[in-house]
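Below is one structure, written out as structure tokens, with a few remarks after it.
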Amino acid sequence: MVKFSKELEAQLIPEWKEAFVNYWQLKKHVKKIKLSRTNKQSASAEFTHDFSRSILDPIRFIALKVASTTKHFFTSSNNNTDEIIQVRSKSMDSDEEVLYQTELLQLFSEEDEVRLFFERLDEELNKVNQFYKTKESEFLERGEILNKQLQILLDLKQIVGDRQRRRKSNAGGLLHRSSASFSSTNSDSFSENPAELNDSSTEMSQTDEVVAALERNGVNFMNSASSRAVMTKKGKPKVAMRIDIPATTPARTISAVTSMLWEDLVNHPKKEGSGDFINRKKIQCAEKMIRSAFVELYRGLGLLKTYSSLNMVAFTKILKKFDKVSNQQASASYLKAVKRSHFISSDKVVRLMDEVESIFTKHFANNDRKKAMKFLRPQQQKNSHMVTFFVGLFTGSFVSLFSVYIILAHLSGIFSPSKEIAYMETVYPVFSVFALLSLHLFLYGCNLFMWKATRINYNFIFEFAPSTALKYRDAFLICTTFMTSVVGAMVIHLLLRAGGFSPSHVDTIPGILLLIFIALLVCPFDIFYRPTRYCFLRIIRNIICSPLYKVLMVDFFMADQLTSQIPLLRHLESTACYFLAGSFKTHEYATCKNGKLYRQLAYVISFLPYYWRAMQCARRWFDEYDLNHLANMGKYVSAMVAAGARLTYATQSNHLWFSVVLVTSVVATVYQLYWDFVKDWGLLNPNSRNPWLRDDLILKNKSIYYLSIALNVVLRVAWIESIMRFRINPVETHLLDFFLASLEVIRRGHWNFYRLENEHLNNVGKFRAVKTVPLPFRDADSDG
């Protein structure tokens, strides 16, 4: 049977952990009561043993038993008249806050410990009650705002619908009149129009009613004295409010920048009383935003309901433990007070959840409740034992095939510098791409495992859908499947080479394998984790098109991963050149490396990840006006300069470029280390209660953090190899480069855990467990 403390730890909301009942501290108080009681009982036993035994001892023992049983019976039967404790509630004058305070009506043998226990219990009850009230009021206020936003949306949809119907009817009437004018007089052509005019006036009156309703909700239309004034010359409704559609796509971003330049730089601000033109596209975007806001509201209400029920169970459990230790019946009196408290007695959350369900079903799911529940209550993926089985199967297959590959490579002598230099120059780059990618996938699986074990809510941080989010077993399955396929292809490649097949045909195997994986990545069928594959492609698109797309946490997190995979991108460049230039037929592997375009592309590829990341920082500064993003952009610019200097030094080895490489690399490394420790990890705080760390740590062993700091420093200075040049022959050079690239990937996987730990602790500090979705409608007067 699982202990309740472990069950509570597994079910509580991580971001609200500090607001839950501190069940573990209360258990310590109960243990103190038990220990005090045990000590006093042992002392009294020693005192009685000092006297000689009497023949009346059995009679005394029976009398004491009967007396204690009788006392217990009367205490339990007359609970109202002979209570052990009394819980009083008193209201504060300044606020509606209610505080609970317990008074002991009977003396306990462990009075000090019992008093401290109930004082702490009162503090926990008041804390839970106050937090619940605060969150409840926030969600109720959010619900009212969403109802107003939804009503505005429905009214605007009606106005746009009326406009389109009127335009169609006018076009139809105009066509009818033009055809009738050739066959009848003017009086006859107008004699058929009163019904049409009556319909038009009815629609106009309905529009007037909608406009009046919108004005009652605080939305002011331009010159809304009549419905004609609502329309512009082109027939589009114009309102004196703003529709804030986030610039999440390139088209919206360009439009927002153009509007800002037109208003600010050209000094042509909008005229007083201006508003936004309403069209169907804007209404669709606003509808999506309001729908997402309702989903997040429902999720927050569900979390608050879970918070209430878990705390109720915690109070019940700890009071039962107290009753068992003290041999008293205090739980009934205290639980009455708990049930009367606001976080249990209030039903506003449940009623608001029902209201959100009905609204969402009606307006966003076409009255299909089953469809609505898929949005509001997405089902979690169930763990499958088959995934674990295949992870073990492919791991064993990989180890076996890799052992076979090592034996075959040794027998064929492909790593001998005097024999097969071509193998390292042609086939090695392709297979190293797969190896580095597999290593990164493995480390990401380790990250997922550690985040889950330490209760870091990575799905909320990355805004992943719980029903399709990748779990650590899935990441390990993808990694092992990937590596088993790659090593299998490497073994087949060696066997075919040893069998005397044409090298021009054999060397196409790595290229075919690469094409297979690319085709699998973009496969449109719902197989092989399609939601994850498409999410990955969408993130890569956002990174490549930076800064046109709005930057989310997952976007710049993935871009940081790319900055650690520059060797992989370089290998992809050489692979593409090798196959596209047809070098695999002639085995002229030096053709690409001697080309001027190839050398220029090396600079571009080395700069691109840092450039993308810098553009993301610029976009975040544009959206948030936080100067820290500009400082972060400076870090990536310094990394670009250092990377360019090292590439130039590789071809122009002189003292001048050595000095440039040394200076730029040291500056970039110090910049990066400072940002890693202080900004990304939140460490090196001299005033922290954990020396040179931070106040809150998820890992209990502090020495792990100090070791991680030292490891990150060592791995950050691996660039020293590029200027020291520890190279003996081409084969060892390639192996050393691969080893250093692997170290950088390992450093990034190690960095990932602490980066997300710091982000999670920031959410915990702000009790942020629900995403705040921006709302589309606001008054034009609130632009300032």
Side-chain angles (χ1 to χ4, degrees), residues 386-446 473-521 528 567-568 571-572 574-575 578-579 584 587 589 728-743 745-746:
M386 290 299 294
V387 175
T388 308
F389 168 76
F390 280 115
V391 168
L393 177 64
F394 287 125
T395 301
S397 302
F398 163 71
V399 173
S400 302
L401 288 171
F402 190 70
S403 302
V404 172
Y405 173 77
I406 291 176
I407 295 171
L408 291 175
H410 177 71
L411 294 176
S412 59
I414 60 172
F415 293 120
S416 175
S418 60
K419 290 185 178 180
E420 295 285 351
I421 300 177
Y423 182 87
M424 296 300 295
E425 295 291 343
T426 57
V427 180
Y428 157 78
V430 189
F431 286 134
S432 64
V433 168
F434 295 121
L436 291 174
L437 191 58
S438 300
L439 178 61
H440 215 137
L441 276 171
F442 173 75
L443 292 171
Y444 180 65
C446 295
R473 287 188 181 90
D474 301 316
F476 287 146
L477 177 60
I478 296 172
C479 171
T480 53
T481 306
F482 201 69
M483 277 310 298
T484 301
S485 305
V486 171
V487 177
M490 293 168 68
V491 171
I492 294 172
H493 180 267
L494 281 182
L495 290 174
L496 293 178
R497 283 173 64 95
F501 286 86
S502 173
S504 60
H505 294 103
V506 173
D507 287 351
T508 59
I509 292 177
I512 293 173
L513 186 66
L514 184 62
L515 290 177
I516 290 174
F517 280 120
I518 292 174
L520 186 61
L521 182 64
F528 303 120
L568 182 147
H571 289 322
L572 280 177
S574 60
T575 300
Y578 180 71
F579 285 103
F584 67 96
H587 279 71
Y589 56 85
I728 301 174
N729 56 60
V731 174
E732 292 182 355
T733 298
H734 284 299
L735 293 177
L736 183 59
D737 289 342
F738 177 77
F739 176 71
L740 293 175
S742 301
L743 287 181
V745 174
I746 292 171

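Here the straight-line distance linking atom CZ of Phe442 with atom CD1 of Ile478 works out to 14.5 Å at 0.5 Å rounding. Atoms CG and CG, on Leu411 and Leu494 in that order, are 10.0 Å from each other to the nearest 0.5 Å. In this structure, Leu443 CG and Ser742 OG are separated by 9.5 Å, a value rounded to the nearest 0.5 Å. If you take CG on Leu441 and CG on Leu436, they are separated by 11.5 Å, rounding to the nearest 0.5 Å. Here the CG atom belonging to Leu743 is positioned 4.0 Å from the CZ atom belonging to Phe739, to the nearest 0.5 angstrom. Within the model, atoms CG of Leu495 and CZ of Phe501 stand 10.0 Å from one another, a figure rounded to the nearest 0.5 Å.
Judged as a side-chain hydrogen bond (donor to acceptor under 3.5 Å, both in side chains), and not counting sequence neighbours, the contacts of Tyr405 are Tyr423. Under the side-chain hydrogen bond (donor to acceptor under 3.5 Å, both in side chains) criterion, Ser400 pairs with no residue, sequence neighbours left out.
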Val506 vs His493, side-chain contact (heavy atoms from CB on, under 4.5 Å): CA-CA, chis, key distance, verdict: CA-CA 6 Å; Val506 173; His493 180 267; 3.3 Å; yes
Before you tell me yes or no, could you show the steps for Phe476 and Phe394 under side-chain contact (heavy atoms from CB on, under 4.5 Å), namely the whole-Å CA-CA distance, both residues' side-chain angles and the distance that decides it to 0.1 Å? CA-CA 10 Å; Phe476 287 146; Phe394 287 125; over 6 Å; no
Give the intermediate values and the outcome of side-chain contact (heavy atoms from CB on, under 4.5 Å) for residues Leu514 and Phe434. CA-CA 9 Å; Leu514 184 62; Phe434 295 121; 3.9 Å; yes
Using the rule given for side-chain contact (heavy atoms from CB on, under 4.5 Å), can you reason through His410 versus Ile406, listing the C-alpha separation, both sets of side-chain angles and the distance that settles it, and then say yes or no? CA-CA 6 Å; His410 177 71; Ile406 291 176; 5.5 Å; no
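Residues Val486 and Met490 meet the side-chain proximity criterion, which asks for heavy atoms closer than 4.5 Å. Put simply, the side chain of Thr388 does not reach to within 4.5 Å of the side chain of Leu477, judged on heavy atoms. Taking the side chain as every heavy atom from C-beta outward, Leu439 and Ile746 approach each other to under 4.5 Å.
A side chain to side chain donor-acceptor pair (under 3.5 Å) check over residues 479-489, counting only residues at least two apart or in different chains, returns nothing.
Using the six-membered ring where Trp is involved, Phe517 and Phe482 have ring planes that are tilted, between 30° and 60° apart.
Nearest heavy-atom pair across Met483 and Ser438 is SD-OG, 2.8 Å. Nearest heavy atom pair, residue Leu568 against residue Leu437, reads CD1-N, 3.9 Å. Residues Ala475 and Gly445 approach most closely at CB-CA, 3.7 Å, considering heavy atoms. Smallest separation of non-hydrogen atoms from Leu513 and Phe431: CD2-CE2, 4.5 Å.
Residue Phe402 places its CZ atom among 12 or fewer non-hydrogen atoms of other residues, nucleotides or ligands, all under 6.0 Å distant.
Arg497 and Ser412 are not linked by any side-chain donor-acceptor pair at a separation below 3.5 angstrom, with hydrogens and angles left out of the test.
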